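Predicted model, so just to flag it, every value in this text is computed and none were measured.
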Number of protein chains: 2
Amino acid sequence: MRDDLHATATRRLRRVSQRYTSGRRVLVEVLAAAEHPLTIPEIVELDASLATSSVYRNLAALEQAGIATKIVTSQEHARYELSEDFGHHHHHLVCIDCGRVSDFTLPAGVEQELDAALRRAARKEGYVHDTHRLDLTGTCPECQ
Amino acid sequence: MRDDLHATATRRLRRVSQRYTSGRRVLVEVLAAAEHPLTIPEIVELDASLATSSVYRNLAALEQAGIATKIVTSQEHARYELSEDFGHHHHHLVCIDCGRVSDFTLPAGVEQELDAALRRAARKEGYVHDTHRLDLTGTCPECQ
DNA sequence: TTTTGTTCTGGAAATCATTCTCAGAATGGA
DNA sequence: TCCATTCTGAGAATGATTTCCAGAACAAAA
């Protein structure tokens with residue numbers, strides 16, 4: 001499982017002529033271990049061996065390779081998580097107060113219907129559909 | 001219609017002890033005339049009488065009063081549009097390439113089912129549900 | 001293994017969207 | 001009119017992110 005993750009990461013980076021260095025491997029492991037999307041300061045704090053500028057650079061590389069996903073909210077820092085195809089399709093619950101992001105999923109039926117409707121909508125506007133993003137905003141248990 | 005818009009804006013600003021000044025009125029008119037969410041540079045270019053720092057301050061005020069909504073993407077600039085209750089419930093199609101944002105809607109049935117499912121999901125995670133945001137990303141006709 | 005050309009690294013400097021500051025202007029009520 | 005409050009705009013400050021650059025790590029070939 002973990003090996004598979006690294007093997008896939010290597011392959012995807014190679015596809016864009018990039019190397020799977022130790023720094024990038026650490027990033028992937030930190031993201032894999034996290035149970036919710038992390039900001040860069042959080043990541044650097046979790047592993048002090050990482051240099052901030054390299055983390056920015058490497059997360060961009062991982063994102064470009066399709067290994068990580070960037071989540072932008074109104075909060076000051078962006079957040080990162082492993083791409084969905086390393087886990088499962090899910091959405092985000094963003095706390096308006098503290099910025100914390102939790103994952104949640106929708107019942108398969110709802111998800112399918114939604115996806116079909118989105119596909120239709122994109123086509124109608126002439127867009128080539130890529131992905132969708134569904135966020136819920138609210139107040140998390142701790143901030144209530 | 002337009003009068004109603006301004007009357008509502010006045011009321012909502014007053015509710016948070018703020019005034020509906022001419023600069024804010026211009027902003028509301030620019031947003032009402034736009035057929036897609038605008039960035040601040042775009043707004044300033046549309047009406048040269050607006051000072052950039054005031055536009056930032058006033059859009060924040062309009063957002064706080066529930067008159068405008070801020071849309072954050074990975075693009076460099078945030079975008080603003082009038083709140084949904086001045087128009088209709090809709091979602092956004094974001095072009096990965098140029099950052100352009102278009103509006104689209106889902107069939108009412110899908111929307112209802114989705115909303116119910118989201119409400120359930122929020123409750124399950126212990127969040128107090130506020131709103132949701134659904135974005136489609138893809139490539140717009142012009143960038144293909 | 002040495003060579004060679006490429007990609008990485010980290011610290012510091014640069015960028016740039018956004019926010020803040022402040023002195024004067026506009027506003028609304030008494 | 002006077003007072004207290006809120007606004008305004010220009011520029012300075014902030015701060016997340018990006019870029020630079022000189023040296024390190026790497027991969028492939030000889």
Quiz item: Relative to the 5' end of DNA chain D, which residue comes earlier, B:S17 or B:A51, by the nucleotide with the nearest heavy atom?
Solution: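 Result: B:S17.
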Do any side-chain atoms of residues 70-77 of chain B form donor-acceptor pairs under 3.5 angstrom with protein atoms, and if so which ones, sequence neighbours left out?
{"unit_1": "B:T73", "atom_1": "OG1", "unit_2": "B:Q75", "atom_2": "N", "d": "3.1"}

Practice problem: Using side-chain hydrogen bond (donor to acceptor under 3.5 Å, both in side chains) as the criterion, list what pairs up with B:R133, not counting sequence neighbours. | Solution: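 In terms of side-chain hydrogen bond (donor to acceptor under 3.5 Å, both in side chains), with neighbours along the sequence ignored, B:R133 is linked to B:D135.
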Exercise. Output all residues satisfying side-chain hydrogen bond (donor to acceptor under 3.5 Å, both in side chains) with B:T131, sequence neighbours left out; order by chain, then residue number.
Key: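 For B:T131 the side-chain hydrogen bond (donor to acceptor under 3.5 Å, both in side chains) partners, ignoring immediate neighbours, are A:T137.
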Practice problem: Using the ring-ring contact (aromatic ring centres under 6.0 Å, His included) rule, collect all pairs that involve residues 15-62 of chain A, keeping only residues at least two apart or in two chains. | Solution: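 Qualifying pairs: A:H6-A:Y20.
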Exercise. Scan residues 89-116 of chain A for pairs that pass ring-ring contact (aromatic ring centres under 6.0 Å, His included), counting only residues two or more places apart or in two chains.
Key: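 Sorted result for residues 89-116 of chain A: A:H88-A:H90, A:H89-A:H91, A:H89-A:H132, A:H90-A:H92, A:H91-A:F104, A:H91-A:H132.
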Practice problem: For A:V55, enumerate each residue passing the side chain to side chain contact (heavy atoms under 4.5 Å, CB included) test, keeping only those at least two apart in sequence or located in another chain. | Solution: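 In terms of side chain to side chain contact (heavy atoms under 4.5 Å, CB included), with neighbours along the sequence ignored, A:V55 is linked to A:L27, A:I40, A:I43, A:V44, A:L50, A:L59.
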Quiz item: Pairs in or reaching into residues 43-65 of chain A: which pass salt bridge (Lys or Arg N to Asp or Glu O under 4.0 Å), with residues at least two apart or in two chains?
Solution: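 Sorted pair list comes back empty.
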Practice problem: Can you run down the salt bridge (Lys or Arg N to Asp or Glu O under 4.0 Å) pairs that involve residues 82-107 of chain A, sequence neighbours left out, and say none if there aren't any? | Solution: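 Qualifying pairs: A:R12-A:D85.
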Self-check item: Heavy-atom side-chain proximity of A:L38 to A:V101 below 4.5 angstrom
Solution: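 Answer no - side chains too far apart.
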Cut-off 3.5 Å, no hydrogens considered: what does the side-chain donor-acceptor table look like for residues 112-130 of chain B, sequence neighbours left out?
{"unit_1": "B:D115", "atom_1": "OD2", "unit_2": "B:R119", "atom_2": "NH2", "d": "3.1"}
{"unit_1": "B:Y127", "atom_1": "OH", "unit_2": "A:S102", "atom_2": "OG", "d": "2.8"}

Quiz item: If we fit an axis to the first five pairs and another to the last five of the helix from C:dT1-D:dA30 to C:dA30-D:dT1, what angle do they make, to the nearest 10°?
Solution: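 One end axis against the other gives 30°.
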Quiz prompt | Outermost DNA chain D nucleotides near chain B [under 4.0 Å, heavy atoms] | solution =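 For DNA chain D, the relevant span reads D:dT5 to D:dG11.
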Practice problem: Any chance you could list the contact pattern along nucleotides 17-30 of chain C? Use B for base contacts, S for sugar-phosphate-only contacts and - for none, protein heavy atoms under 4.0 Å, 5' to 3'. | Solution: SBBB-----BB---
